[in-house]
Student: 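Handing you a structure now.
In the text below, chain A, chain B and the rest are named by the order of the sequence lines, each starting its count at 1.
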Number of protein chains: 2
Amino acid sequence: MSEMRTGQSGSQRPRKERKTNADMRRRQLVEATLSSIVRHGLARTTLATVAREAGLSQGVAVFYFETKQGLLTAALREIYRRYEANWMAALDAAGPRAEDRLLALLDADFRPEVCSRDALAVWYAFWGELKTTETYAEIAADFDARRFDALRGICRELVSGDADAGELAEWLDTFCDGYWQKLYLFPSAHGPEDGRRALRGLLARLLPDRGAFAARD
Amino acid sequence: MSEMRTGQSGSQRPRKERKTNADMRRRQLVEATLSSIVRHGLARTTLATVAREAGLSQGVAVFYFETKQGLLTAALREIYRRYEANWMAALDAAGPRAEDRLLALLDADFRPEVCSRDALAVWYAFWGELKTTETYAEIAADFDARRFDALRGICRELVSGDADAGELAEWLDTFCDGYWQKLYLFPSAHGPEDGRRALRGLLARLLPDRGAFAARD
DNA sequence: AGGAATTGTTTGAGCGTTCATTCAAACTTT
DNA sequence: AAAGTTTGAATGAACGCTCAAACAATTCCT
């Protein structure tokens with residue numbers, strides 16, 4: 001009964017430590033990248049600023065991500081992952097009624113986790129280079145599709161006719177994107193709370209027959 | 001009767017030729033900057049790419065703009081100037097009726113002159129660095145304020161109550177910003193024409209009592 | 001179990017490149 | 001001749017990436 005071939009699962013801790021360490025380092029570096037983008041902007045984010053932020057050497061960033069571009073791509077993927085986790089969690093927490101699910105999904109866009117000033121700085125920094133970095137566009141399209149499908153699905157429960165539901169979903173999605181721009185460009189004039197309020201007002205207008213969105217007034 | 005102090009206006013053409021030349025060069029360099037941003041992105045736009053695009057030497061760009069940053073700032077101001085000229089011209093061309101003026105102002109946002117794929121690439125490239133370049137934010141706030149005032153003014157003619165008018169103006173402004181984002185991120189799924197159509201649909205919903213916006217169904 | 005060998009990780013100096021800016025000299029217009 | 005304009009080589013700083021060497025964890029061998 002000697003030891004097995006360190007293969008699948010039986011062994012005690014054959015390489016687990018190293019794998020764990022690698023994942024931890026990658027997370028640490030991605031986190032440092034996001035911090036650096038917030039602090040210095042994407043244009044002035046270098047391997048040096050990331051390494052300094054992470055408390056590591058420049059070399060280790062290249063070791064785990066091959067290239068600076070790989071690190072940036074991982075960072076963009078990460079914020080989209082967080083964004084998706086945010087609205088999915090909001091949907092899970094919402095009740096079964098379509099009105100509640102719609103509000104949950106849209107409200108999620110105005111949680112500081114995804115639209116704080118720092119978060120917006122990162123979003124727009126990456127979008128600014130979307131046209132010159134093919135991968136960014138693919139990531140954006142991938143994540144956006146899932147959210148829009150969810151949104152349209154809910155709208156279909158609220159209005160009759162697929163065309164009208166799609167139209168409504170497009171309006172609401174557009175509103176969210178547009179309000180993010182306000183939050184980003186003019187943060188002193190618009191906060192997430194204002195966004196939620198404006199959203200409710202718009203919903204009350206667009207779906208007047210649904211009492212759930214009726215304005216106080 | 002010796003020569004005067006080259007001062008105000010009396011002299012025949014004391015420096016006029018040179019001034020004209022300087023303005024022409026500045027325009028040429030700003031144009032080349034915008035082209036370079038479209039072609040290479042803002043991050044890879046250098047004095048060399050701008051000079052090559054303009055058919056001039058690098059030195060002349062510095063001569064007229066002192067610094068690369070000065071050149072970029074001038075380019076941003078230029079696209080905002082064009083944007084403003086676009087919606088102001090649309091307003092001037094529209095009739096006196098508030099419905100027509102509203103549609104003219106909003107439709108102007110979907111003219112290729114300001115929202116073509118190339119134009120959007122420039123907009124988002126600059127916005128991406130807004131948080132790290134104070135001047136960009138000032139320029140954006142300056143131009144945005146004038147447009148929003150115009151929009152709100154028209155909305156006040158259409159709905160009673162300043163609060164409701166302001167709310168409507170915010171919704172519509174947000175819609176325009178949001179749709180630009182769709183045009184930019186997913187140009188294969190959304191074109192300016194779709195934006196105009198969606199806008200009309202939204203207007204018909206938000207202002208149902210105004211026949212001018214009634215949907216054809 | 002204990003020490004050597006192997007494999008994985010981290011460092012930071014160094015390389016080649018690119019970039020913004022400078023500037024003396026050449027060229028043009030007044 | 002004077003003033004204005006344009007050039008492009010030179011400068012120095014910053015950057016992404018490489019790599020040999022150092023360090024650490026794990027495995028192998030007895």
Student: Starting at the 5' end of DNA chain D, which residue's closest nucleotide do you reach first, B:Gly55 or A:Gln58?
Tutor: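 The residue mapped nearer the 5' terminus is B:Gly55.
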
Student: Nearest of D:dT5, D:dG16, C:dA20 to any side-chain atom of B:Lys68?
Tutor: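 Nearest nucleotide to the side chain: C:dA20.
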
Student: Consider the side chain of B:Leu47, meaning its heavy atoms from C-beta on, and name the nucleotide among D:dT5, C:dG12, C:dT21 that approaches it most closely.
Tutor: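 The answer is C:dT21, which lies nearest to the side chain.
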
Student: Can you confirm if the aromatic rings of A:Trp123 and A:Tyr80 lie within a centre distance of less than 6.0 Å?
Tutor: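 So the answer is yes for these two rings.
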
Student: What integer distance in Å separates B:His40:NE2 from C:dC19:P?
Tutor: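 About 10 Å, once rounded to whole Å.
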
Student: Please report, rounded to the nearest Å, how far the P atom of C:dT9 is from the CE atom of A:Met24.
Tutor: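 Rounded to the whole Å, the gap is 12 Å.
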
Student: Which nucleotide in the set C:dT22, C:dT10, D:dC15 lies at the smallest distance from any side-chain heavy atom of B:Val62?
Tutor: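 Of C:dT22, C:dT10, D:dC15, C:dT22 is nearest to the side chain of B:Val62.
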
Student: Provide, to the nearest angstrom, the distance between the CZ atom belonging to A:Arg44 and the C1' atom belonging to D:dC15.
Tutor: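 Interatomic distance, CZ of A:Arg44 to C1' of D:dC15: 14 Å.
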
Student: Taking B:Arg39 first and then B:Glu53, would you say they form a salt bridge - that is, a charged N and a carboxylate O separated by under 4.0 Å?
Tutor: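 Salt bridge between B:Arg39 and B:Glu53, a charged N being under 4.0 Å from a carboxylate O: yes.
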
Student: To the nearest Å, how far apart are A:Phe65 CZ and D:dC17 C1'?
Tutor: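 Value for this atom pair: 16 Å.
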
Student: Can you tell me if B:Arg25 touches the phosphate of D:dT6, counting only side-chain N or O atoms and a distance under 4.0 Å to OP1 or OP2?
Tutor: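 Yes, because at least one side-chain N or O of B:Arg25 sits under 4.0 Å from OP1 or OP2 of D:dT6.
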
Student: From the options B:Glu113, B:Arg147, B:Arg111, select the one residue that forms a side chain to side chain donor-acceptor pair (under 3.5 Å) with B:Tyr83.
Tutor: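 When B:Glu113, B:Arg147, B:Arg111 are each tested with B:Tyr83, the side chain to side chain donor-acceptor pair (under 3.5 Å) holds only for B:Arg147.
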
Student: Between B:Arg197 and B:Asp194, is there a salt bridge with N-O shorter than 4.0 Å?
Tutor: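 A salt bridge links B:Asp194 with B:Arg197.
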
Student: For the side chain to side chain contact (heavy atoms under 4.5 Å, CB included) test, which of B:Asp118, B:Leu76, B:Thr45 pairs with B:Ile37?
Tutor: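 Looking at B:Asp118, B:Leu76, B:Thr45, the match for B:Ile37 under the side chain to side chain contact (heavy atoms under 4.5 Å, CB included) is B:Thr45.
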
Student: Check whether any side-chain nitrogen or oxygen of B:Thr46 sits under 4.0 Å from OP1 or OP2 of C:dT18, and answer yes or no.
Tutor: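 No.
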
Student: Tell me the interatomic distance from A:Leu71, atom CG, to D:dC15, atom C1', rounded to whole angstroms.
Tutor: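 Nearest whole value for this atom pair: 15 Å.
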
Student: Send over the distance from A:Leu42 CG to D:dC15 P, rounded to a whole Å.
Tutor: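 So the two atoms are 13 Å apart, to the nearest Å.
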
Student: To the side chain of B:Leu56, which of D:dT7, C:dT11, D:dT5 is closest?
Tutor: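 The nucleotide sitting nearest to the side chain is D:dT7.
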
Student: Expressed in angstrom and rounded to an integer, what is the separation of A:Arg52 atom CZ from C:dT11 atom C1'?
Tutor: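 Spelled out: CZ on A:Arg52 to C1' on C:dT11 is 16 Å.
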
Student: Provide, to the nearest angstrom, the distance between the CD atom belonging to B:Gln69 and the C1' atom belonging to C:dC19.
Tutor: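 Roughly 14 Å, once rounded to whole Å.
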
Student: Nearest to the A:Tyr64 side chain among D:dG16, C:dT9, D:dT6, which nucleotide is it?
Tutor: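 Looking only at side-chain atoms, A:Tyr64 lies closest to C:dT9.
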
